[in-house]
Amino acid sequence: MNAPAPGFAVVTDGGLDAYAGLRNDVPVAPFSVNFGNVSFKTHEISREDLYRQLQTNPEHPTSSQPTPQDWSAAIQQTGVREVLAVTISSGLSGSRNAAEQARSLLPDVNLTIHDSRTLSAAQAFQLHAAVTAAERGETLATAVDWMTRVHEETELYFTIETLEYLRRGGRIGRVAATLGGLLNLKPVITVDKGTGQYTNVARARTYRGGIEAVTAQVTQKYGEGTPLRVGLLYGNITEDADQALELLQARHPIVWSGKAPVNPVLNIHTGPRALGIAAAPGAWPWER
């Protein structure tokens, strides 16, 4: 029996870190990485090139949200009139506003915009929910409900080797405040579900301790022995993700896991070495 034809299409922005094992293959409105007057779209610069630029370029990179035209191009790639756009948290980026502005460029498209209130691997979880709903012939309202339920039960934690890149990018705010100025410590950062902004929930004296603290936060949140779905993220050291998974496997049955590199735009804020985990309990909401 053939699957029902999707009644809507899904697009997202460059806040996403995509997983091959999830339904994440959708049109993307890209962010840009800027070194002075030279700009690269997300897909135009490799992580290796980014790390080389970070080491050699005197200009510290900045990031730019997608333009309304970027959103319009992504939406037009779908070729359908009913489109759901899933954005990075509006507490971290103006991407959602740009998506709203794209409406005027697409008078024939019925555009629904969903603020994920998160980013990266946790955004990938919500995107998977939306695309699954579309592929199953569910309504757009069902897709939004599934994304909301996924958001409520998913936590994203990450640690970084240095706070220097968050500081340079002006995103250190509440993270530095909760570290009390002790910037040599390794923070464990999450995205506050209320504000959609970064906040610090733990700290460690070493980067290895930071990885352990990230996994400890997951266990503290869900309880030891709880089956988990985990999306692992890494910067320039793949083995950081493997190490984190081993720590989690010692305390939880892992019902699904995936590993993905942090994309270049997000990497300019974390710095080269970073480790992140999006975690949620058990099966997907629609499978229960």
Side-chain angles (χ1 to χ4, degrees), residues 12-19 24 28-67 70-71 87-98 116 118-124 156-176 179 183-184 186-191 196-200 207 210-211 214 231-238 240-241 259-278:
T12 194
D13 61 27
L16 171 76
D17 283 318
Y19 289 84
N24 285 169
V28 173
F31 280 71
S32 296
V33 177
N34 312 303
F35 289 90
N37 295 325
V38 180
S39 294
F40 303 92
K41 297 292 187 183
T42 309
H43 57 279
E44 293 174 340
I45 183 169
S46 69
R47 285 155 31 84
E48 292 72 25
D49 286 343
L50 173 70
Y51 298 146
R52 189 160 44 250
Q53 292 273 9
L54 288 175
Q55 292 174 344
T56 63
N57 196 319
E59 294 272 5
H60 179 73
T62 60
S63 61
S64 299
Q65 68 200 37
T67 65
D70 290 328
W71 272 109
T87 76
I88 187 175
S89 172
S90 59
L92 297 172
S93 167
S95 181
R96 176 174 181 160
N97 288 337
S116 73
T118 188
L119 76 162
S120 186
Q123 186 172 336
L156 175 67
Y157 301 106
F158 65 94
T159 192
I160 50 183
E161 189 173 42
T162 174
L163 288 171
E164 181 63 14
Y165 294 90
L166 277 179
R167 184 190 67 78
R168 290 183 189 176
R171 286 170 166 80
I172 199 167
R174 295 173 64 188
V175 174
L179 287 176
L183 300 187
N184 59 318
K186 314 308 174 190
V188 175
I189 303 166
T190 190
V191 180
Q197 296 178 336
Y198 295 138
T199 188
N200 188 56
Y207 182 72
I211 294 175
V214 166
L232 298 134
L233 297 157
Y234 59 90
N236 60 353
I237 306 293
T238 309
D240 289 347
K259 185 169 66 173
V262 179
N263 80 55
V265 170
L266 300 182
N267 230 177
I268 69 171
H269 300 297
T270 65
R273 196 166 188 188
L275 178 282
I277 299 172

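- The heavy-atom pair separating G231 from A121 by the smallest distance is O-CB, 4.1 Å.
- Taking OG1 of T270 as the reference point, atom OH of Y234 lies at 13.0 Å (rounded to 0.5 Å).
- Judged purely by atom type and a 3.5 angstrom limit, N200 uses its side chain to pair as donor or acceptor with the backbone of V188.
- Considering CD of E59 and CG of N34, their distance stands at 10.5 Å, rounded to 0.5 Å.
- With hydrogens and angles ignored, the 3.5 Å screen pairs a side-chain donor or acceptor of N263 with a backbone N or O of G14.
- Annotation: the span from E44 atom CD to S39 atom OG amounts to 9.0 Å, rounded to 0.5 Å.
- Rounding to the nearest 0.5 Å places CG of L233 at 8.0 Å from CG of L275.
- Applying the side chain to side chain contact (heavy atoms under 4.5 Å, CB included) test between D13 and each of R96, Q123, Q65 identifies Q123 as the sole match.
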Exercise. What's the verdict on side-chain contact (heavy atoms from CB on, under 4.5 Å) for K41 and D70, showing C-alpha distance, side-chain angles and the deciding distance?
Worked result: CA-CA 10 Å; K41 297 292 187 183; D70 290 328; 3.0 Å; yes
For this session: List the steps, then state whether side-chain contact (heavy atoms from CB on, under 4.5 Å) holds for T190 with T199.
Result: CA-CA 6 Å; T190 190; T199 188; 3.6 Å; yes
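- Of all heavy-atom pairs spanning E161 and K186, the tightest one is O-NZ, 2.8 Å.
- The side chain to side chain contact (heavy atoms under 4.5 Å, CB included) search around P272 returns Y51, L54, Y165, N236, not counting sequence neighbours.
- For I88 against S93, the heavy-atom pair with the smallest separation is CG2-CB, 3.6 Å.
- By the ring-ring contact (aromatic ring centres under 6.0 Å, His included) test, F158 is found to be paired with Y198, residues two or more places apart in sequence or in another chain being considered.
- A donor-acceptor pair under 3.5 Å links the side-chain atoms of S116 to the main chain of T87, judged by distance alone.
- Using a 4.5 Å heavy-atom cutoff, the side chains of P66 and F31 are in contact.
- Here the closest non-hydrogen pair linking H269 and S63 is NE2-OG, 3.0 Å.
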For this session: Output, in order, the C-alpha distance, side-chain angles, deciding distance and verdict of side-chain contact (heavy atoms from CB on, under 4.5 Å) for T238 and K259.
Result: CA-CA 9 Å; T238 309; K259 185 169 66 173; 3.4 Å; yes
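- Across P264 and L50, no two heavy atoms sit closer than the pair O-CD2, 3.4 Å.
- S120 places no side-chain N or O within donor-acceptor distance of the main-chain N or O of A122, the cut-off being under 3.5 Å.
- With sequence neighbours excluded, no residue forms a side chain to side chain donor-acceptor pair (under 3.5 Å) with T159.
- Side chain of D17 to main chain of V262: no donor-acceptor pair is present (N/O by atom type, distance under 3.5 Å, no hydrogens or angles).
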Problem set entry | Evaluation steps, side-chain contact (heavy atoms from CB on, under 4.5 Å), between L266 and L119 | CA-CA 9 Å; L266 300 182; L119 76 162; 3.8 Å; yes
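- Closest approach of F35 to I45, counting heavy atoms only: CE1-CD1, 4.3 Å.
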